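Everything quoted here is computed from the prediction, not taken from an experiment. Order of the sequence lines fixes the chain letters, A, B, ..., with proteins taken first and strands second; residue numbering starts at 1 for each chain.
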Amino acid sequence: NAGVTQTPKFRILKIGQSMTLQCTQDMNHNSMYWYRQDPGMGLRLIYYSASEGTTDKGEVPNGYNVSRSTTEDFPLRLELAAPSQTSVYFCASSYRAGENSPLHFGNGTRLTVT
Amino acid sequence: TQLLEQSPQFLSIQEGENLTVYCNSSSVFSSLQWYRQEPGEGPVLLVTVVTGGEVKKLKRLTFQFGDARKDSSLHITAAQPGDTGLYLCAGHAGNNRKLIWGLGTSLAVNP
């Protein structure tokens with residue numbers, strides 16, 4: 001069981017560069033999420049998708065874009081990388097959005113912007 | 001506004017000791033989830049509690065949801081080095097579909 005797979009595991013970007021963080025899940029979950037985790041700030045929701053074809057902003061969406069064209073994939077795009085985007089990024093999925101539907105996380109992408 | 005307060009923030013203990021960590025709020029939660037995150041990995045669900053006063057056991061881990069559904073605790077008996085990690089609580093307050101996260105308790109169990 002692969003679960004939620006994130007690539008790459010590590011990446012260093014220069015300011016102004018762009019990149020896409022990939023996330024795929026094989027559990028046929030309807031909902032997918034992108035979080036960033038920073039010391040002292042905890043997990044903060046960037047974007048989520050309740051179902052294929054829909055996306056919604058979370059707490060900290062600025063500087064990021066997402067798309068959900070398939071059930072399995074939920075890529076996160078950084079267009080103009082900034083040092084403030086240095087973080088560990090986690091993708092997660094759940095059967096549906098809301099209660100009693102726990103999140104399954106990938107193992108994260110550690111991004112450094114210099 | 002941090003709706004879920006976790007304490008202590010850090011805890012370092014010796015193997016074999018018992019410990020309790022807390023997840024508190026002034027809001028009523030319809031359910032609370034506990035996750036453990038090991039270094040370099042994503043959080044993994046341990047348990048979900050949904051009923052006020054509910055107690056769930058997972059081997060040496062005991063989870064309790066407060067009667068008023070505003071707080072929860074995690075008690076570990078005879079801690080092992082494998083229990084080391086970041087313990088996170090998360091929950092849905094009222095009818096809010098978005099999951100609210102605590103900042104976590106970082107536990108180190110020394111052999």
Side-chain angles (χ1 to χ4, degrees), chain A residues 1-10 21 23-25 27 29-51 54-61 87-110, chain B residues 1-10 21-25 27-52 54 56 58 63 65 69 72 85-106:
Chain A
N1 282 342
V4 178
T5 302
Q6 293 183 236
T7 56
K9 287 188 179 297
F10 303 95
L21 281 66
C23 175
T24 187
Q25 53 96 6
M27 296 172 283
H29 283 171
N30 291 304
S31 302
M32 297 187 75
Y33 312 81
W34 274 105
Y35 285 91
R36 58 179 290 173
Q37 188 175 37
D38 303 286
M41 305 291 285
L43 283 164
R44 292 182 292 170
L45 184 64
I46 304 171
Y47 271 96
Y48 68 101
S49 168
S51 60
T54 70
T55 62
D56 283 290
K57 295 178 179 179
E59 302 170 65
V60 289
S87 187
V88 181
Y89 292 85
F90 287 99
C91 179
S93 70
S94 65
Y95 177 68
R96 64 175 187 275
E99 297 180 54
N100 298 325
S101 193
L103 270 60
H104 298 254
F105 284 84
N107 282 332
T109 295
R110 183 174 293 274
Chain B
T1 303
Q2 184 61 42
L3 292 184
L4 277 174
E5 301 282 346
Q6 291 192 245
S7 61
Q9 189 177 356
F10 300 98
V21 298
Y22 301 91
C23 176
N24 295 314
S25 177
S27 301
V28 175
F29 281 77
S30 51
S31 65
L32 273 177
Q33 303 167 8
W34 284 92
Y35 293 78
R36 179 169 64 212
Q37 183 178 17
E38 298 185 20
E41 298 184 5
V44 175
L45 180 74
L46 295 173
V47 77
T48 301
V49 286
V50 297
T51 305
E54 182 176 7
K56 282 192 174 179
L58 187 65
F63 303 84
F65 201 13
R69 290 184 287 131
S72 181
L86 179 67
Y87 288 82
L88 294 159
C89 65
H92 291 95
N95 293 324
N96 194 336
R97 289 174 65 189
K98 291 186 181 177
L99 197 58
I100 297 166
W101 290 86
L103 295 183
T105 292
S106 181

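- Chain B forms the most heavy-atom pairs under 4.5 Å with one residue out of Ala92(A), Ala97(A), Gly58(A), Ser101(A), and that residue is Ala97(A).
- To the nearest 0.5 Å, atom OG of residue Ser51(A) and atom CZ of residue Arg96(A) are 13.5 Å apart.
- With a threshold of 4.5 angstrom between heavy atoms, Glu38(B) does not approach chain A through any atom at all.
- Only the side chain of Gln33(B) comes within less than 4.5 Å of a heavy atom in chain A; its backbone stays farther off.
- With hydrogens and angles ignored, the 3.5 Å screen pairs a side-chain donor or acceptor of Thr109(A) with a backbone N or O of Pro8(A).
- Ranked by heavy-atom pairs under 4.5 Å with chain B, the first of His104(A), Gln37(A), Arg110(A) is Gln37(A).
- Classified by interplanar angle (parallel below 30°, tilted 30° to 60°, perpendicular above 60°), the ring pair Phe105(A)/Trp101(B) is perpendicular.
- In terms of non-hydrogen atom pairs under 4.5 Å with chain A, the most contact-rich of Ser31(B), Gly104(B), Pro43(B) is Pro43(B).
- At distances below 3.5 Å, at least one donor-acceptor pair connects side-chain atoms of Ser49(A) with backbone N or O atoms of Thr54(A).
- With a 4.5 angstrom heavy-atom cutoff, Tyr33(A) does not touch chain B via any of its atoms.
- For chain B, no part of Gln6(A) is nearby; none of its heavy atoms comes within less than 4.5 Å.
- Without hydrogens or angle criteria, Glu41(B) side chain to Asn107(A) main chain gives no donor-acceptor distance under 3.5 Å.
- Formation of a donor-acceptor pair under 3.5 Å by the Tyr48(A) side chain with backbone atoms of Lys98(B) is not found in this model.
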